[in-house]
Number of protein chains: 2
Amino acid sequence: MVNIADVAKAVGVSRSTVSYALSGNRPISRETRERIDAAIADLGFTVNAGARALATSQTMVLGLLLQFHDDEFPPAMLQYILAITTAARELGYDILMITDDHGAEAIQRITSSNMVDGVVLLDVTHEDPRLPALMKARQPAALVGLPRDTDELDVFDLDFEGAARLLVDHLHDLGHREIVLVSPPRHVFDRGGAYAWRFRDAALERAAQHGLTVHAHYGESQQPAVERSLNAILDAHAQATGVIVHNDASIAALPAVLRERGTVVPRDLSVVSLYPRNFGRTFLLPYTAVETSPDGLGREAVQQLVRRIVAPQGGPSVVRFIEPELTDRGSTA
Amino acid sequence: MVNIADVAKAVGVSRSTVSYALSGNRPISRETRERIDAAIADLGFTVNAGARALATSQTMVLGLLLQFHDDEFPPAMLQYILAITTAARELGYDILMITDDHGAEAIQRITSSNMVDGVVLLDVTHEDPRLPALMKARQPAALVGLPRDTDELDVFDLDFEGAARLLVDHLHDLGHREIVLVSPPRHVFDRGGAYAWRFRDAALERAAQHGLTVHAHYGESQQPAVERSLNAILDAHAQATGVIVHNDASIAALPAVLRERGTVVPRDLSVVSLYPRNFGRTFLLPYTAVETSPDGLGREAVQQLVRRIVAPQGGPSVVRFIEPELTDRGSTA
DNA sequence: CTGAAAGCGCTTACAG
DNA sequence: CTGAAAGCGCTTACAG
């Protein structure tokens, strides 16, 4: 292992000079700087991450906490992971992936041992059991998903209420009077996935204002139950002219289900939904939809987290709801 | 920050005694050990990861290198990530996720700075540009995917040749004489995804031995091209009685395509494929298939990597091909 | 069974 | 513009 002392010796300067040349934290004469750079390249020197972390109390690593629930939709989760990793890298940070079942313990483990400078929490629930551990940690955090109590927390999420209103309005404006809503599975509600009821309740409320009839149902998240439940729901409401699908697994399965039923969109049924734009690469999703943005959400969370790391007392906590945007793909009439 | 000196002071012993109590690397009297444990719990002490890494030259972190190509199938990739992270955790390691575009530089960066004790490489290609950086690294590696030159490398992959033979034999034994093969997209071949041609070439060879006619085609990886290409391929070979799909995106899209075409499996067409068992949770995949095993593959790779870390000179390099297993789901006749 | 001390490889006030 | 030295928080031979 070539270390900073080797470089210093090769150049004939002190270790501190090499260190300052590395960090730029004090002026170095052009000549010594160049000789130092040359020696570093020559010897193939790289700063030892552990030593630097020990000296500076900064690891340049962020923890990413996720839990792969059964109802999680793999493509969505992967998109979050990639977006967060990329955003972090752009700011000079690496990502420590934590998928432990016991998130609270994992947070305690990586923060108290100083393995990370901050933490990103995915899939935050209403009463997220990981939050107490987070509050005790020295390091700041950024959440994706809305907890009940947002005090002192930086939170990022889609504006699901707004998205629901946008979609209900869209159907209402087109003249639909009876619609079906396919929500996430019941156990998403049970475990506190606030996005599920935030969307549903806002949709129901808006529909009531419009005098619309809405049949709200839990969808499923795993095949073959997804198809079965979609068929059962559609069977039960043959007179409905529109459907709002707020359920990744269900919207992915919908095209095949509708083909099998001989239902033509939008002639026989209008369909609107809510999913990341690039799901369309993996699935055939020709539906008018509000675009959730795992990329944007992940990126904003990371940026805010890094801001906090750099300036721990940098302003009040933020709760940011991404504004929903509707993309019309002609699946409504 | 409470450190080991604080614990030592609280108990009235030396720092080394606390350290040895922590590691168990030398006998400690029961009484002192208990008082140390109590003090640790009391003060909420946790070993500082950076300091330990510096002292031991071990980080207990593994690097996981992946690149999300356009042709990558999200559910498959996520499964690898989760399997590897879980397997690592069971052995006491955390995962540093690296998704950089320039894998070689990233390897150089995390290994030379000693951020990781070893590296897992996903999606290894025939002439993988990351391998030179790997050979230069102090840390050992485990590859998932077969490179041209496996010297000194621990490599894990499915036995794609065996899988191809198994599927060809299966169709042949049922009396099929003309079959279609849907391979990964052309650019997977171009960039050196050896699994693509290993499967195809073995299938063609076996078919020739049997006197079967095989129409081999590149499939696509992104919608809507996936459906379009499947339809074109099926149109072109209406007389074929069986199809082998070696392409995640295509097999996921196949049920909808066949419904649309009015093709009933296996009455009109026999279908066999190759995909991870639990794709069936996300997609409706009622097809007889060889089960690829991202979980098993990832786990074996991690276990071997950790073995190497613990015993750097521990035996010759291994190239392990997982034996293919056929699950009959009745999609052939 | 336990302690004093060197060392891991950095950074950064302190001095000049 | 540069150097000598303390310190970050551990581990582990060396001694007893």
Side-chain angles (χ1 to χ4, degrees), chain A residues 1-37 39-40 43-61 92 109-117 138-139, chain B residues 1-37 39-40 43-61 92 109-117 138-139:
Chain A
M1 259 328 321
V2 25
N3 60 27
I4 207 171
D6 298 325
V7 177
K9 202 183 308 165
V11 182
V13 294
S14 72
R15 283 148 66 227
S16 50
T17 299
V18 176
S19 178
Y20 282 116
L22 244 31
S23 65
N25 281 345
R26 85 177 177 191
I28 308 277
S29 76
R30 208 171 62 90
E31 198 231 320
T32 16
R33 152 160 291 139
E34 277 166 6
R35 283 169 50 219
I36 288 174
D37 288 345
I40 287 174
L43 303 172
F45 166 74
T46 315
V47 174
N48 179 294
R52 174 172 278 180
L54 181 56
T56 62
S57 301
Q58 283 212 38
T59 62
M60 301 309 283
V61 173
R109 184 171 66 80
I110 64 173
T111 56
S112 66
S113 66
N114 245 299
M115 296 183 78
V116 297
D117 294 339
R138 279 182 298 286
Q139 295 93 332
Chain B
M1 260 328 325
V2 27
N3 61 27
I4 205 171
D6 298 325
V7 177
K9 201 183 306 164
V11 181
V13 295
S14 71
R15 284 148 66 227
S16 51
T17 298
V18 176
S19 178
Y20 281 118
L22 244 29
S23 66
N25 280 345
R26 87 177 177 190
I28 308 278
S29 75
R30 208 170 62 91
E31 197 230 321
T32 17
R33 150 160 293 138
E34 278 165 6
R35 281 169 51 218
I36 288 174
D37 288 346
I40 286 175
L43 303 172
F45 166 74
T46 316
V47 174
N48 179 294
R52 175 172 277 179
L54 182 57
T56 62
S57 303
Q58 283 211 38
T59 62
M60 301 308 283
V61 173
R109 182 170 68 79
I110 65 173
T111 56
S112 66
S113 66
N114 244 300
M115 295 184 78
V116 297
D117 294 339
R138 281 182 296 287
Q139 296 92 333

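So you know, we letter chains A, B, ... as the sequences are listed, proteins then strands, and number each from 1.
The backbone N or O of Ile4(A) lies less than 3.5 Å from no partner atom in the side chain of Arg15(A), so there is not a single donor-acceptor pair.
Nucleic acid contact class of Ser113(B) (heavy atoms, under 4.0 Å, all strands): none. Nucleic acid contact class of Thr56(A) (heavy atoms, under 4.0 Å, all strands): sugar-phosphate only. Heavy atoms of Ser57(A) sit nowhere under 4.0 angstrom from any nucleic acid atom.
In this structure, Arg33(A) and Thr17(A) have side chains that are not in contact, with every pair of non-hydrogen atoms separated by 4.5 Å or more. Put simply, the side chain of Gln139(A) reaches to within 4.5 Å of the side chain of Asn114(A), judged on heavy atoms.
In this structure, the separation between CD1 on Ile40(B) and CG on Leu22(B) is 5.0 Å, given to the nearest 0.5 Å.
For Ser14(A), counting side-chain heavy atoms from C-beta on, the closest listed nucleotide (dA4(D), dT11(C), dC1(D)) is dA4(D). Closest contact between the side chain of Ile28(A) and the listed nucleotides dC10(C), dT2(D), dA13(C) involves dT2(D). The side chain of Leu54(B) has dG9(C) as its nearest neighbour among dT2(D), dG9(C), dC10(D). When distances are taken from the side chain of Val47(B) to each of dT11(C), dC10(D), dG3(C), the shortest belongs to dC10(D).
Judged by closest nucleotide on DNA chain D, Thr17(A) is the one of Ala51(A) and Thr17(A) placed further toward the 5' end. Mapping Arg52(A) and Ser29(B) onto DNA chain C by nearest heavy atom places Ser29(B) at the nucleotide closer to the 5' end.
Atom CD1 of Ile4(A) is separated from atom C1' of dG9(C) by 8 Å (rounded to the nearest Å). Rounded to a whole Å, the CG atom of Asn3(B) is 13 Å from the P atom of dG7(D). Asn114(B) has its CG atom 15 Å from the C1' atom of dC10(D), to the nearest Å. Nucleotide dC8(D) holds its P atom 10 Å from the CZ atom of Arg15(B), rounded to whole Å. As rounded to whole Å, 12 Å separates atom P of dT11(D) from atom CD of Gln58(B).
At a cut-off of 3.5 Å, with distance as the only test, no side-chain donor of Ser19(A) or Ser16(A) sits close to an acceptor on the other residue.
For the C1' atoms, the distance from dT12(D) to dG16(D) is 16 Å, rounded to whole Å.
Looking at Arg26(B), its side chain has no donor and acceptor atom pair within 3.5 Å of the base of dT12(D). For a distance-only test at 3.5 Å, the side chain of Ser16(B) qualifies as a donor-acceptor partner of the base of dA4(C).
At the phosphate of dG9(C), neither OP1 nor OP2 sits under 4.0 Å from any side-chain N or O atom of Asn48(A). Dashed line: the shortest gap from a side-chain N or O of Asn25(B) to OP1 or OP2 of dT11(D) is not under 4.0 Å.
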